[in-house]
Enquirer: 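Mind looking over this structure? Questions follow.
Indexing begins at 1, ligand by ligand and atom by atom, following the structure's order. What you see is a predicted model, and the numbers here were worked out from it, not measured in a lab.
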Amino acid sequence: MKFKPANNIQDLQYFGEFGGVNPSISDSSTYTFLSAKTMFDTFEGNTDGCYLYSRHSSPSNLYLSEALAAMEGTETANVSATGMGAITPTILQICEAGDHIVSSRTIYGGTYAFLKNFTPRMDIETSFVDITKISVVEAAITPKTKMIYCETVSNPLLEVADIKALSILAKKYNLQLVVDNTFSPLSISPAQLGADIVIHSLTKFINGSSDTMGGVICATTDFINSQKSVIDGASMLLGASMDSMRASSILKNLRTLHIRVKQHSKNANYLAKKFEADGLKTVYPGLKSHPSHEVFKSMMNEEYGFGGMLTIDTGSLEKANALMELMQERNLGYLAVSLGFYKTLFSAPGTSTSSEIPLEDQKEMGLTDGLIRFSIGLDNDIERTYQMMNACMKEIGIL
Ligand SMILES: *Cc1c(COP(=O)(O)O)cnc(C)c1O
């Protein structure tokens, strides 16, 4: 049967304490035990359904975690305070001193900085490769490699990883395939294609209202338990746990994710086609001109489209900045980092979200000065939006 992520979320039911339609929020950091023996067993990880301390887990966090596990089709999941709070403990749980990682070179700036500048301190080395070239990925694998790391749709260049092919490679060399799926929730389900661990920054599309941060690791029960271990679990010990109030609000927003993703995709697809027809260098996985259009199509849950992210190249940083300022003035969106908001957001990644990446590396990966990354909003009348953006582009002299 075809995998239906939104149905899986919808089918999970948690009632509130008094039959409320939403589950009650667990407003406690610590929990009482009826007997000292149960407390000991819980510390040992042996008592299902017992809560210990909210850095470990809380009912509200479990509700959200289970809904996200249902969305990705993994055994379970564990939410965290931020996306980076999911990524860093996953890497540190799998790798130790002497280990090696093969990572896509086009990844979120924070993840790149962590792998490039931070983990070498612990003697964990990373090779950054073009993830779309499977033979290049394979050539980078050494006897010390423990993990292949990538984003389904990469930030900010929107390169698409062939998850099936990468998972075959990971299995061949006995590696963990870790996939950040932040840019393509619902559209692509990496665990169904063979990824071992799927991560999201909930801060983006999944929460969708730019009012909070959050992250999640979706994986096997064994892996999540190891991360939550009080003895040596990276999530438990590094401490980036989510607060219950936030878990509760993100779960409510998750209820409308399928509607939002469809609208983001519809609007982005419309604009990408128009921009390309106008002669702008446009990157969007839904365009036939996208080098990985067919790969995306082969992986996607069709009804959700190609996602809400697109880029255009304006030719220079000056033009990119002028266009973004004018679009903001005309209320077409906000000059802001992040994504997945109801309003269109735009930024020039070279000087913002990817500024951690050295200039020569930016050039090498095709991250140009004039690049603008758009997270297309939920505009009701996208044709009007297009007309207004087109007018801005003409005024700035891009068209
Ligand atoms: C934002 C983002 C992250 C980091 O998430 P935070 O919630 O900001 O910590 C990781 N990966 C991708 C692809 C992102 O866009």
Enquirer: Which protein non-hydrogen atom lies closest to atom 7 (O) of ligand 1, naming both residue and atom, and how far is it?
Expert: Thr203 OG1, 2.6 Å
Enquirer: Name the closest protein heavy atom to atom 14 (C) of ligand 1, giving the residue it belongs to and the distance to 0.1 Å.
Expert: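 For this ligand atom, the closest protein heavy atom is Lys204 NZ, 2.9 Å.
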Enquirer: Using a strict cut-off of 4.0 Å, indicate which atoms of ligand 1 neighbour a heavy atom of Phe183.
Expert: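 Answer for ligand 1: 13 (C), 15 (O).
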Enquirer: Output yes when Arg330 and Glu395 qualify as a salt bridge under the 4.0 Å nitrogen-oxygen rule, no when they do not.
Expert: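 Yes.
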Enquirer: Tell me if the aromatic rings of His290 and Phe296 count as close, with their centers under 6.0 Å from one another.
Expert: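 When the ring centroids of His290 and Phe296 are compared, they turn out to be at least 6.0 Å apart.
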Enquirer: Among all protein heavy atoms in this structure, tell me which lies nearest to atom 4 (C) of ligand 1, with the distance rounded to 0.1 Å.
Expert: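 Protein heavy atom at minimum distance: Tyr108 CE2, 3.4 Å.
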Enquirer: Using a strict 4.0 Å cut-off to heavy atoms of Gly83, name the atoms of ligand 1 that fall inside it.
Expert: 5 (O), 6 (P), 7 (O), 9 (O)
Enquirer: Based purely on interatomic distance, does Glu151 place a nitrogen or oxygen under 3.5 Å from a nitrogen or oxygen of ligand 1?
Expert: no
Enquirer: Before giving the answer on side-chain hydrogen bond (donor to acceptor under 3.5 Å, both in side chains), spell out for Lys343 and Asn331 the whole-Å C-alpha distance, their side-chain angles and the decisive distance to 0.1 Å.
Expert: CA-CA 9 Å; Lys343 193 94 176 174; Asn331 199 19; 2.8 Å; yes
Enquirer: Below a 4.0 angstrom heavy-atom separation, can you tell me which part of Ile87, side chain or backbone, both or neither, approaches ligand 1?
Expert: side chain
Enquirer: Using the rule that Ile, Leu, Val, Met, Phe, Trp and Tyr join whenever any side-chain heavy atoms are under 4.5 Å apart, tell me whether Leu175 and Ile91 fall into a single cluster.
Expert: no
Enquirer: Which residues pass the side chain to side chain contact (heavy atoms under 4.5 Å, CB included) test with Asp211, not counting sequence neighbours?
Expert: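 Testing Asp211 for side chain to side chain contact (heavy atoms under 4.5 Å, CB included), a comparison that skips the adjacent residues, returns Asn207, Ser209, Arg246.
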Enquirer: Who pairs with Ala113 by side chain to side chain contact (heavy atoms under 4.5 Å, CB included), at least two apart in sequence or on another chain?
Expert: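 Asn117, Glu356.
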Enquirer: Show the atoms of ligand 1 that are less than 4.0 angstrom away from any heavy atom in Gly214.
Expert: 7 (O)
Enquirer: Looking only at heavy atoms, is any part of Met84 under 4.0 Å from ligand 1, and if so is it the side chain, the backbone, or both, or is it neither?
Expert: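 Within the 4.0 Å criterion, Met84 contacts ligand 1 through backbone and side-chain atoms alike.
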Enquirer: Please determine whether residues Ile87 and Ile163 belong to a single hydrophobic cluster, defined as Ile, Leu, Val, Met, Phe, Trp and Tyr linked transitively by side-chain heavy-atom distances below 4.5 Å.
Expert: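 Different clusters: Ile87 never reaches Ile163 through Ile, Leu, Val, Met, Phe, Trp or Tyr contacts under 4.5 Å.
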Enquirer: State yes or no: are the ring centers of His293 and Phe306 separated by less than 6.0 Å?
Expert: yes
Enquirer: For atom 8 (O) of ligand 1, what's the nearest protein heavy-atom neighbour? Residue, atom name and distance, please.
Expert: Met213 CE, 3.5 Å
Enquirer: Just to be sure I'm reading this right: ignoring hydrogens, which of Ile107, Asp180, Asn155 gets closest to atom 12 (C) of ligand 1? Compare them by their nearest heavy atoms.
Expert: Asp180
Enquirer: Nearest to atom 5 (O) of ligand 1, what protein heavy atom do you find, and at what distance?
Expert: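 Among all protein heavy atoms, the one nearest atom 5 (O) of ligand 1 is Ser201 OG, 3.0 Å.
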Enquirer: Are any of the heavy atoms in Ser338 under 4.0 Å away from ligand 1?
Expert: no
Enquirer: Is it possible for you to say whether Ile372 and Tyr284 belong to one hydrophobic cluster, with membership spreading through side-chain heavy-atom contacts below 4.5 Å?
Expert: yes
